[in-house]
Novice: 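Can you read through this structure? Questions will come right after.
Excluded from the calculations below are hydrogen atoms, water molecules and symmetry mates; all remaining heavy atoms, backbone and side chain alike, are included.
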Amino acid sequence: QVQLVESGGGLVQAGGSLRLSCVGTGRTLSSYAMGWFRQVPGKDREFVADISWSAAVTYYADSVKGRFTISRDNAKNTVYLQMNSLKPEDTAVYYCAAVQLYRRGRSSGTYDYWGQGTQVTVSS
């Protein structure tokens, strides 16, 4: 089993930055591909970014490309999402997720493990 815990969310003004972290326990994350998703009330969970186990491959949703960066530090069992130039429409609960086989742009339903989420609120 893999347990995931997100942190780093908060309230930020439009144009600002936040860095989310996702720490894994139970098993090493180095053998898992990781993804970040977000969700607002009443809507489906939306793909944000993913990264292969070695960090050799990353993939982003068009809505965040050029503003967000996904990275990982396998020695720390941690995955990050650096979010720059934040917009009010980025407001959501952000979740990290893990799956053993990397395939870019995987839907949320194909991930095996999920964190509890961290709230990001961007004010205008």
Novice: OG/Ser107 to CG/Asp44 distance, rounded to the nearest 0.5 angstrom?
Specialist: 11.0 Å

Novice: Counting heavy atoms not belonging to Lys43, are there more than 12 under 6.0 Å from its NZ?
Specialist: no

Novice: Show, in sequence, the C-alpha distance, side-chain angles and deciding distance for Asn77 and Thr25, and conclude whether the side-chain contact (heavy atoms from CB on, under 4.5 Å) test is met.
Specialist: CA-CA 8 Å; Asn77 235 29; Thr25 59; 5.9 Å; no

Novice: Roughly how far, to the nearest 0.5 Å, is OG1 of Thr91 from CG of Leu86?
Specialist: 8.5 Å

Novice: I'd like to know if Lys87 pairs up with Asp90 as an ion pair, taking the criterion as any Lys NZ or Arg NE/NH1/NH2 lying under 4.0 Å from an Asp or Glu carboxylate oxygen.
Specialist: no

Novice: Heavy atoms, side chains only, cut-off 4.5 Å: are Thr110 and Val99 in contact?
Specialist: no

Novice: Do the ring centers of Tyr32 and Tyr102 come within less than 6.0 Å of each other?
Specialist: no

Novice: What's the separation between atom CG in Leu81 and atom OG in Ser71, rounded to the nearest 0.5 Å?
Specialist: 8.5 Å

Novice: Identify the two heavy atoms, one from Gln100 and one from Asp112, that lie closest to each other, and give their separation to 0.1 Å.
Specialist: N-OD2, 4.1 Å

Novice: Looking only at non-hydrogen atoms, find the nearest pair between Thr78 and Leu29 and report the distance.
Specialist: N-CD1, 4.4 Å

Novice: Could you give me the CA-CA distance, side-chain angles and deciding distance for Leu20 and Glu6, then say whether side-chain contact (heavy atoms from CB on, under 4.5 Å) is met?
Specialist: CA-CA 7 Å; Leu20 305 184; Glu6 303 95 336; over 6 Å; no

Novice: Determine whether the side chains of Ser17 and Asn84 contain a donor N or O and an acceptor N or O closer than 3.5 Å.
Specialist: yes

Novice: Taking the six-membered ring for Trp and the full ring for Phe, Tyr or His, determine whether the centres of Phe47 and Tyr60 are under 6.0 Å apart.
Specialist: no

Novice: Report, as yes or no, whether the 6.0 Å neighbourhood of atom CZ on Arg106 holds more than 12 heavy atoms from other residues, nucleotides or ligands.
Specialist: yes

Novice: Between Tyr94 and Arg38, is any side-chain donor less than 3.5 angstrom from a side-chain acceptor?
Specialist: yes

Novice: Cys22 and Met34: which non-hydrogen atoms are nearest, and at how many Å?
Specialist: SG-CE, 4.1 Å

Novice: Is there a side-chain contact between Ser52 and Arg104 (heavy atoms, below 4.5 Å)?
Specialist: no

Novice: Does atom CD (Gln116) have a neighbourhood of more than 12 heavy atoms from anything else shown, all under 6.0 Å?
Specialist: no

Novice: Do Val120 and Val93 sit in one hydrophobic cluster, given that two such residues count as connected whenever their side-chain heavy atoms are within less than 4.5 Å of each other, even indirectly?
Specialist: no

Novice: Taking all atoms of both residues into account, what is the closest heavy-atom pair of Ser123 and Leu11, and its distance?
Specialist: CB-CD1, 4.3 Å

Novice: Which heavy atom of Ala92 sits nearest a heavy atom of Gln39, and at what distance?
Specialist: CB-O, 3.5 Å

Novice: Do Tyr111 and Tyr113 share a hydrophobic cluster (ILVMFWY, side-chain heavy atoms under 4.5 Å, transitive)?
Specialist: no

Novice: Do Tyr95 and Leu4 belong to the same hydrophobic cluster, where Ile, Leu, Val, Met, Phe, Trp and Tyr are linked whenever their side-chain heavy atoms lie under 4.5 Å apart, directly or via other members?
Specialist: no

Novice: So, for Arg72 and Ala33, which heavy atoms are closest and what is the spacing to 0.1 Å?
Specialist: NH1-CA, 4.1 Å

Novice: Return the OG to CG distance between Ser31 and Asn74, rounded to the nearest 0.5 Å.
Specialist: 9.0 Å

Novice: Counting C-beta onward and ignoring hydrogens, is there a side-chain heavy-atom pair between Trp36 and Val79 closer than 4.5 Å?
Specialist: yes

Novice: List the steps and the verdict of side-chain contact (heavy atoms from CB on, under 4.5 Å) for Tyr80 and Asp73.
Specialist: CA-CA 8 Å; Tyr80 303 98; Asp73 185 340; 4.1 Å; yes

Novice: Is the centre of the Phe37 ring less than 6.0 Å from the centre of the Trp114 ring?
Specialist: yes

